[in-house]
2 protein chains.
Amino acid sequence: MTDERDLHVYLLPELAPAGALVGGVAVAIDVLRATTTIVHALAAGAGGVRPVAELDEARTLADGMPAGRVLLGGERCGVAPPGFDLGNSPREYTPKKCRDTTIVLTTTNGTKAILRAAEAERVLIAAFANYSAVCEQLRHDARPIHIVCAGTDGDISLEDTLLAGALVDYLAEEMEVHVNDAARLAWDCFENHGRILLGALEVGKGGANLRGLGYDDDIKAAAEVDKFNIVPELRRDPLRVEIGAVGIVKSRWNR
Amino acid sequence: MTDERDLHVYLLPELAPAGALVGGVAVAIDVLRATTTIVHALAAGAGGVRPVAELDEARTLADGMPAGRVLLGGERCGVAPPGFDLGNSPREYTPKKCRDTTIVLTTTNGTKAILRAAEAERVLIAAFANYSAVCEQLRHDARPIHIVCAGTDGDISLEDTLLAGALVDYLAEEMEVHVNDAARLAWDCFENHGRILLGALEVGKGGANLRGLGYDDDIKAAAEVDKFNIVPELRRDPLRVEIGAVGIVKSRWNR
């Protein structure tokens, strides 16, 4: 079928074969919490988010930017590293703090997914918080679709797979798609866990880690579907995430 | 809970962290086709199967064994390599050929899963063909359980995940288990695809490869649940697979 679009899910960044994303549109997912936090930060008025892999790199980048216009955010082992302005809790990224700033963000898992996704021609950032807005963008993009899940410390994660599956569920109803086996697994995950979203986010390894740190409210924030109508998108030179599109036509959440 | 047993699924051999399997009981799965073939070969009377990673190693090992008592079997790109006695089709491993022989077996994916599983204290070989017999062994084994899926050429595979999920489904009903996120995904996969087993095996990447090669009958053979009541088990010095247990108390297939 010539109209069939490739729809591939990678349950970890390292499971995407080198070169596989070239020419496609990629979706980076780290529900708990990096991509949820990015959506919140941009919705709160941050001008952009600079995803950075290493702590030192993040500090150096922030130091080189105009004082008062940059916030250093992120986590190691779940908490804000020493000297950081913000951790990785979506609810910390308020309009008061974020407006007209650039966020330099470094997280354990999410940054890897975004940097791996950067191989694609176009890169969207997805969370449950902007699910339907991402669906809408993918519907209008003719390229092969590659969904890159961050996972948790090298392990496949339930919550990222669940969001990937929610996207597969929408796309498979909307168009003819050719899915890989991991996309089928993600779809199964959404079929079974989509109805109990908050419970699913609490029960996975990432959720259990956050509950252990007292971040229960972050899980609740991550489970709020379609709270925002923006789609963060990766821009190049320098690599940064900005609002790429605004506006949900209608909710695509099917549970 | 002290009675809670760890039940971890790894959707690819390389996703099992080094050392994670030590002291546990592992289950190696390559539904299409290595573990299905091993079950068939031992049920047909082969005395043992020697899993070997490399072609040259397989040929050398077979050359050093008594003529007439050894068969060289396996595949590269799905077909028997030059000079091999048998490919990797379960139905080739008949009593007439197999009785009182040792099979030296080298396959692309399954061998990796078995060799990775070898880190565990005890290693069982599972296929749909001996599903309930494996369930019975796991029920009576108190060790942490690690299910290692072979996948297909480095990609996560639907059929291996499905069998892993069928085992999770049985074990979670039978005992208190502590599952990892991948075990939840496998369980979801079984919930959705367990009822349409043959269809699921045909639609995955491994199944599509086999259909392309004309091996449709191998998929049918792999989908025959509980055809045999044996549990192949890995033995050491030298590394080999032999019948470890015989006898199904009752069918555990729940679909």
Side-chain angles (χ1 to χ4, degrees), chain A residues 6 8-18 20 31-32 109 146-147 149-166 168-169 172 177-196 199-209, chain B residues 6 8-18 20 31-32 109 146-147 149-166 168-169 172 177-196 199-209:
Chain A
D6 275 337
H8 290 174
V9 171
Y10 308 103
L11 298 182
L12 290 172
E14 53 267 39
L15 295 179
V31 170
L32 295 175
N109 307 301
H146 301 275
I147 301 178
C149 298
T152 305
D153 303 331
D155 290 338
I156 288 167
S157 87
L158 185 65
E159 65 277 7
D160 295 340
T161 310
L162 182 44
L163 177 54
V168 172
D169 183 69
V177 290
H178 178 260
V179 297
N180 66 351
D181 286 13
R184 290 184 198 280
L185 299 185
W187 201 356
D188 288 343
C189 177
F190 174 67
E191 289 282 344
N192 278 22
H193 283 98
R195 287 173 206 84
I196 47 162
L201 266 54
E202 286 173 341
V203 87
K205 179 183 168 187
N209 288 349
Chain B
D6 275 335
H8 291 176
V9 171
Y10 309 103
L11 297 183
L12 290 171
E14 53 268 38
L15 295 179
V31 169
L32 295 174
N109 307 300
H146 302 275
I147 302 178
C149 298
T152 305
D153 302 332
D155 289 337
I156 288 168
S157 87
L158 185 66
E159 66 276 6
D160 295 341
T161 308
L162 182 44
L163 176 55
V168 172
D169 183 69
V177 289
H178 178 261
V179 296
N180 66 351
D181 286 14
R184 290 185 199 277
L185 299 186
W187 202 355
D188 289 342
C189 177
F190 174 66
E191 289 283 343
N192 278 22
H193 282 99
R195 289 172 203 85
I196 47 161
L201 266 56
E202 285 172 341
V203 87
K205 179 182 168 186
N209 287 349

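Sequence lines set the chain letters: A, B, ... in the order given, protein chains first and strands last, and positions in each chain run from 1.
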How about residues 157-164 of chain B versus chain A: which residues have heavy atoms under 4.5 Å apart?
B:S157, B:L158, B:E159, B:T161
Is any side-chain heavy atom of B:V9 less than 4.5 Å from a side-chain heavy atom of B:V168?
yes
Under the salt bridge (charged side-chain N to carboxylate O under 4.0 Å, His left out) test, residues paired with B:D169 that sit two or more places apart
none
Which residues share a side chain to side chain donor-acceptor pair (under 3.5 Å) with A:D6, sequence neighbours left out
A:H178
Which atom names give the shortest non-hydrogen contact between B:G154 and B:N109, and what distance separates them?
N-OD1, 4.5 Å
Specify which of B:E14, B:K205, B:R184, B:H193 makes the most heavy-atom pairs with chain A at under 4.5 Å.
B:R184
Distance col, row A:L185:CG vs B:C189:SG, nearest 0.5 angstrom, shows 5.0 Å
What do the steps show when you test A:L15 against B:D155 for side chain to side chain contact (heavy atoms under 4.5 Å, CB included), and what is the final call?
CA-CA 7 Å; A:L15 295 179; B:D155 289 337; over 6 Å; no
Counterpart residues, ring pair (Phe, Tyr, Trp, His ring centres under 6.0 Å), relative to B:H8 (two or more places apart):
B:H146
Using heavy-atom distances under 4.5 Å, tell me whether B:V203 contacts chain A through its side chain, its backbone, both, or neither.
both
